[in-house]
Every structure is written in C-alpha cells, then in structure tokens.
There are 2 protein chains.
Amino acid sequence: MTSLDSSPHAVQGVQPVPAGQEGKAAGGKQIPPAAVARLTLYLRALNTMLAEGVERVSSESLAEASGVSSSTLRKDLSHVGSYGTRGVGYEVQYLSRHIAAALGLTHDWKVAIVGAGNLGKALARYGGFESRGFDVVAIFDADQMVVGNEVGWLRVSDVADLETVLHRTGANMVVLALPAAVAQGVCDRVVAAGVHSILSFAPVMLQVPDGVNLRKVDMATELQILAYHAQRAQTPGQTA
Amino acid sequence: MTSLDSSPHAVQGVQPVPAGQEGKAAGGKQIPPAAVARLTLYLRALNTMLAEGVERVSSESLAEASGVSSSTLRKDLSHVGSYGTRGVGYEVQYLSRHIAAALGLTHDWKVAIVGAGNLGKALARYGGFESRGFDVVAIFDADQMVVGNEVGWLRVSDVADLETVLHRTGANMVVLALPAAVAQGVCDRVVAAGVHSILSFAPVMLQVPDGVNLRKVDMATELQILAYHAQRAQTPGQTA
DNA sequence: GTATGTGAAACTGTTCACAGCC
DNA sequence: GGCTGTGAACAGTTTCACATAC
C-alpha cells in the first residue's frame, strides 16, 4: 500500500486504513488511493514551479521533480482529467488548480490539534499547513499547566472543552498528537462531536466507526521499516 | 541496553533459524514491503499482549488487535516462517521474537536527529523509540542559540560537526527534522558520512543515490489525502 | 516531430477456500 | 472440533507501447 515511487526506495508511510466502503457507482469517478497520494506530490512540485515562474512543464520533468516515473504521472493525471496539450506539455498554473480541485482543496479546511506537547506545538507552528489550505483553528491539552499558554497565534484550550471548541471553531479535521493511553478516548469524543477526518500520531490501533476517515503516522514503524532494509543490505561480509 | 521492549527478551538466540529446509521465505528471503509495514504492527500488538501476560493468541484476535484481516495476517506471517500451531494459535513471546528477528531488530539502532526545533525535540523525547530498540544518540541544530542546550538527556550538537559526531556516536540512522530549504544539503552530507537509512520529515523530494534507504513522512500530504476523502463523502452523491 | 492519454500486459497485493495438522 | 498455512482466484498498481492530437 504505502510504497509509491519508482525510484530505488519507497517513500511515504501510512498504515492501512479501514477504507470506507465507497458506495457503488455513486456520484463521481473516484481516484485510486495510490494516485491520490501522488497527486499531492505533483501539486507541491507544481506550486514550487509556480513560485519560480515556470509556466509550462512536461510529464517527464514534473515526474522527475516528484520522484515518480513519467508513465505513472500521466496515468495519475488521466484520473483527474485531460489538462495537457499533446506535443507541448502542461500549463503549470492550470494543472495545479485542477489537481487542487480534484483533491478537495478549493476551500480551507479547519484543523484542530489535540495535544500541545512538542509534537502538537511543532504541528501548530508548521507553516506548511497554512500555505496549503489548512487552517489550524484550535489546540488542546489536558495539562492545566499548559492550558492558556500561547502556541503560535493560538491559545491552548482545555481538552475538557473539546466538543464546545470544536463546534465553535467549525473544525472539520482533527490531528491527534497525544499519548497512546488516552488516544482512543479522545478519538471517540472527536468522532461523537461530528469530525470525520482524523490524523493520528499516537502509536496505537484506533477503532473508528464506518464513515470516519482515519490516517495514521507512526514514527516507530517507519524506523523499523528502515531497520529491515538496512539489515538486508548488510549481506556480504561487510562490517556493520 | 534497551531490548525490543520493556519485556524480558534480550533477543539474541533467534537468528540461527535452521536455514535448512526453508525453500520458501523463512530464513533469509525477502518480505514484501506491504507485509513489512504490517509486521511492525503485529509486533507492537504482541508486545502489548506480552506486557499484559497473554501467552497465546489466534490469528483472528491478533489480526483484530492490529487492524487487519486474519487472512492477511496469516499470509504475512507465512513470509516470516511457520511459528504457529494448527488448532491452537501462536505463542506470543515466541512469535514476537521471530518477527523482531525478521525485521532486523535484534540489535539496537543508533539514531541521530538533525533539527532541534519542536519536531526534533518531540522526536528526541519520544519514549517509543528507546523502548523499541532505537537509541537516540545525537541531535543537531544550525542555530547557535540552540547548540549546547539540553534536549532530554542529550546536548544539541552543531550541525557543522555533523560528520564528526555521526562517526563518534556510531549513528546508523538519521532523522531529518528541518526546513525544506536546507534538507537536501544536510541529506547529502549524511549520505557522504556513510549513513544509508534516512527518515525525512522535510516536505521536499530528496534525491539520494542508490543503496540509500529514504523514507518520508509528510503531514501536509496526509491532510490532503484526508481532504480528498472528506470532500467525496460530502458530495451529494446520489444513493443508487 | 513531440509529448500526452490510454488500452493491454506485467506485476504486486489481498481475499478465498480448503488441505493439513493439532 | 479448531486453527494454521498456502495455492488459487481476484483486485489493484505499475509499466509498456502506441494511437492521437498539437
């Protein structure tokens, strides 16, 4: 599931997610999961090019900038639509807009972060969110010593007020940056409060009902995967 | 020092898997990437069970604890070897050891973190590393105001001394927790210093030579993928 | 001529169903 | 009886090759 990249080594790690059952032939055409993940990479590369004043790009060079093969890129783009010109390439801004639209990034998403430890603070201050259409609208902690502190331009809310603040701020995504032991409890409350998109950094398997989209980032898992490959690489009589 | 977990298995007597008859995949064949990622989940679940005193487990319940199907779990374990008993299940400790061995977690890995901002500090203090066989041996920053500060039980080194400190500490994995703009430069130096396993949190496509293992964790990408699914769910898709 | 867009082929990963062993 | 381990069927993904359009 995770590895996407034709280059020597895979990138990007997340675990299998319950995969909401897509209703059969419902509204629109759906984009394969592997393609969705890569579209975000193309979007980033395109936006970098846009900032550099590049106006047109070929599948070959966009693919290289994104770390994928050009055939993969063209196939992925074909799920979004036909926005290139044969014999010429793609107009950077035009393609960027259409990918953004396909990904649902045409309006801002409001993100609440639960956990104001180092990780939560790092996320709250990470400029990359704001610039990509994600507005951090709240940050919570359970520790009364932390509640009320300023983090970036936000004030830390008491997690006891989770439901109230989520509702008031209109948050529609939540990032869990808290200890494994309390993650499930908070997750349940978040779901009950009506948020259906959750990104968890807690190293536990969280249970969510159908219809809730949970993604998980796990740093220990990533290191373990590296360890596996490193160990494999040490085949000959090389010193460790 | 740190073994796989707080649990009492100073793994060691595991790697001499009788490399005789496994024409399959047990002793030293390669495990599919998707399976490797999930094996880390099984390992975590098993170690939790071990801490709770559970001695045996069925594929069904281990699968549930890990969030996968039991057939997937059994297929994954078949890449590691045949360590279950038909009609009975798996012995928790025994299976845990063999998975750890297959993943190359029988010895400690030494991790250096580059970047002592919020994210770097969060990683350095994250207990989950130590308890899983990853020893954080150094943390670097370029900011002279930060160099020399204490983070956990480490002192922040100057990134100017990267090569020296990596060598002295024997670090064999590096985590990049720094701004996109400087990531490639530091990455090149890390590779030149002989480290072949890199986990990057920088939101850029890093270029590494063959033989270097690079994994990437990207929070903006994760949120964008959530946005895609959330948008689909919201769309007034007609019920068939 | 050049580069996109797309069927078809090749490959990887998942699920099914049951044989084999307890 | 119950549960593991695995070949076979199925589903998803990547690569290939070329028709198509500029």
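Lettering follows sequence order; numbering is per chain, from 1. Note: hydrogens, waters and symmetry copies are ignored here, and every other heavy atom, side chains too, is used. Being a predicted model, the structure only gives us computed values, none of them experimental.
In this structure, CG of Leu39(A) is placed 12 Å from P of dT14(D), rounded to the nearest angstrom. The distance between atom OH of Tyr94(B) and atom C1' of dT4(D), rounded to the nearest whole Å, is 14 Å. Atoms CG (Leu95(A)) and P (dT4(C)) sit 11 Å apart, rounded to a whole Å. Spacing between atom NZ of Lys75(B) and atom C1' of dA9(D) amounts to 11 Å, rounded to whole angstrom units. If you take CG of Leu77(B) and P of dT6(D), they are 11 Å apart, rounded to a whole angstrom. Atom C1' of nucleotide dA3(C) and atom OH of Tyr83(A) are separated by 19 Å, given to the nearest angstrom. Following rounding to the nearest Å, Glu91(A) (CD) and dC22(D) (P) show an atom-to-atom distance of 16 Å. Rounded to a whole Å, the NE2 atom of His98(A) is 16 Å from the C1' atom of dG5(C).
Two residues, Gly87(A) and Ser71(A), neighbour DNA chain D, and the one matched to the more 5' nucleotide by heavy-atom proximity is Ser71(A). Residue whose closest nucleotide on DNA chain C sits further toward the 5' end, between Val88(B) and Ser78(A): Ser78(A). Annotation: of the two residues near DNA chain D, Pro32(A) and Arg74(B), the 5′-most nearest-nucleotide partner is Arg74(B).
A salt bridge is defined here as a Lys NZ or Arg NE, NH1 or NH2 lying under 4.0 Å from an Asp or Glu carboxylate O, and Asp135(A) with Lys110(A) fails to meet this definition. For Glu222(B) and Arg215(A), the salt-bridge test passes: some basic side-chain N is under 4.0 Å from an acidic carboxylate O.
Between the NZ atom in Lys216(A) and the CG atom in Leu199(A) there is a gap of 11.5 Å [rounded to 0.5 Å].
Distance from the side chain of Arg38(A) is smallest for dT14(D) among the nucleotides dT6(C), dT14(D), dT14(C).
Within the 4.0 Å cut-off from OP1 or OP2 of dT15(C), at least one side-chain nitrogen or oxygen of Thr72(B) is found. Contact between the side-chain N/O atoms of Tyr90(B) and the OP1/OP2 oxygens of dC22(C) is not found at any separation under 4.0 Å.
Note: Tyr83(B) and Tyr94(B) meet the aromatic proximity criterion, with ring centroids under 6.0 Å apart.
Evaluation of atom-type donor-acceptor distances gives a pair under 3.5 Å for the side chain of Arg86(B) against the base of dG20(C).
Taking a 4.0 Å limit (strictly below) on heavy-atom distances, residues 54-63 of chain A does not reach DNA chain D anywhere.
In this structure, Val217(B) and Met219(A) have side chains that are not in contact, with every pair of non-hydrogen atoms separated by 4.5 Å or more.
Taking each heavy atom of Ala171(B) and Ala112(B) in turn, the nearest pair found is CB-CB, 4.0 Å.
With hydrogens and angles left out, the side-chain atoms of Ser197(B) and Asn172(B) include no donor and acceptor closer than 3.5 Å.
Within the nucleic acid shown, Ser69(B) comes within 4.0 Å of sugar-phosphate atoms alone, with no base atom in reach, counting heavy atoms only.
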